[in-house]
Amino acid sequence: MPLLQLEGVSKKFGQVVVAEEITFQLDQGAAVGIVGPNGAGKTSLFGMISGDIRQDSGRILFEDQSVGSMTAAVRCRMGMGRTYQVPHPFERMTVFENALLAAQQGAQAHGQKSYDLAFAALERTGLAELANRPAGSLGLLHRKRLEMARALATGPKLLLLDEIAGGLTDPEVNELIVIIRGLRDDGIAVLWIEHVVRALLSTVDRLLCLASGRLVADGPPSEVLASEEVRKVYLGGKIINEAAI
Ligand SMILES: Nc1ncnc2c1ncn2[C@@H]1O[C@H](COP(=O)(O)OP(=O)(O)O)[C@@H](O)[C@H]1O
Ligand SMILES: [Mg+2]
C-alpha cells in the first residue's frame with residue numbers, strides 16, 4: 001500500500017492554474033524531491049496534501065484513506081507533518097513550548113509522553129540547548145529547524161518540507177542534510193520542495209518537477225535534471241549547472 005496517492009488533482013486560483021491533473025504516489029519511507037520555478041504550484045500542492053487548501057477536483061489518499069476533504073488537523077493526527085516556507089512559530093512561547101504544543105495537538109500525547117516527544121524533536125534538530133529561548137528571538141537557521149521540530153513532534157509518517165534549506169549558508173545546509181537523512185533512515189517518508197538542488201540530490205532517490213501546475217517529470221534525479229522538458233522550464237539551465245557542482 002502506498003503511503004500517499006494523488007489522482008488527477010487539479011486546482012485554480014481564479015485564472016491561475018496551480019495544479020493540473022497531478023498524479024503520483026509515494027511509498028512508505030520514500031525520499032522524494034520536488035523542484036520547479038517560482039509560482040509553479042509547489043507550495044499549493046503541499047497545501048492540498050496537508051489540508052490547508054482544498055483541491056477543485058481529484059483524489060488524495062493517505063494510507064488508502066481518502067483525505068481530500070479532511071481538515072489539516074485531522075491529517076496531521078493521521079501522520080502528516082509539514083513545515084512552512086516562511087516559518088511562523090508562536091513567537092512569545094519558548095522553543096520547547098512550540099514543540100510541546102505540536103506533540104499535544106498533532107500526536108495527541110499528554111503528560112510525560114508529550115514532554116518526551118517534544119524534547120526528542122528538539123534534540124533531533126539540534127535545538128535542545130535553545131529550549132527555553134522565546135521562539136521570536138531565533139535567527140533564520142533556528143527558525144527553520146524549529147519548523148522541523150514542530151513537524152517531528154507530531155510523530156509523522158510523512159514529512160513535507162517546503163524550502164527548508166532556502167536562505168541558509170552552505171555549512172548550515174550541510175547540517176540540515178544530515179538531520180533529514182537521519183529521519184529518512186528512520187523510515188519517515190520525506191517529500192521535499194527545494195531550490196538548493198545539491199541538498200536534494202544528497203538525500204532523495206526520486207525527483208518530481210512541477211511547472212505551471214503540471215507535473216513535467218518524475219523519475220531518478222539524474223534523468224529528471226537532464227530531461228529536455230525540465231531544461232526548458234528552467235530557461236538557461238541554472239538547475240543543471242547547480243546539479244553538476
Ligand atoms: N491563496 C492564493 N490565492 C491566490 N493565488 C495564489 C494563492 N496561493 C498561491 N497563489 C498563486 O498560485 C501560483 C502558485 O503559487 P505557489 O504554490 O506558492 O508556487 P511555488 O511554491 O511553486 O512558488 C502563484 O501564481 C501564486 O501567486
Ligand atoms: Mg513555494
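Atoms within a ligand are numbered from 1 in the order they appear, just like the ligands themselves. Values in this document were obtained by computation on a predicted structure and should not be read as measured data.
Both Val74 and Ile49 are assigned to one and the same hydrophobic cluster, defined by single-linkage of ILVMFWY side chains at heavy-atom distances under 4.5 Å.
In this structure a side-chain-to-backbone donor-acceptor pair under 3.5 Å is missing from Arg145 to Leu176.
Tested against Trp192 for a side chain to side chain contact (heavy atoms under 4.5 Å, CB included), the candidates Asp162, Leu207, Ile164 yield a single pass: Ile164.
The distance from the Mg ion (ligand 2) to the nearest N/O/S atom of Asn38 is not under 2.8 Å. The Mg ion (ligand 2) has no N, O or S atom of Ser44 inside 2.8 Å of it.
With no hydrogens or angles considered, no side-chain donor-acceptor pair links Ser10 and Asp56 at under 3.5 Å.
Near ligand 1, Phe13, Val16, Val18, Pro37, Asn38, Gly39, Ala40, Gly41, Lys42, Thr43, Ser44 each place a heavy atom less than 4.0 angstrom from the ligand.
Vertex the Mg ion (ligand 2); arms to Gln85 OE1 and Thr43 OG1; angle rounded to 10 degrees, 80°.
A salt bridge between Arg214 and Glu21 is absent, with no side-chain N of the basic residue lying under 4.0 Å from a carboxylate O of the acidic one.
Side-chain contact check for Leu210 versus Val216: every heavy-atom pair is 4.5 Å or farther apart.
Tyr115 has its ring centre less than 6.0 Å from the ring centre of Phe96.
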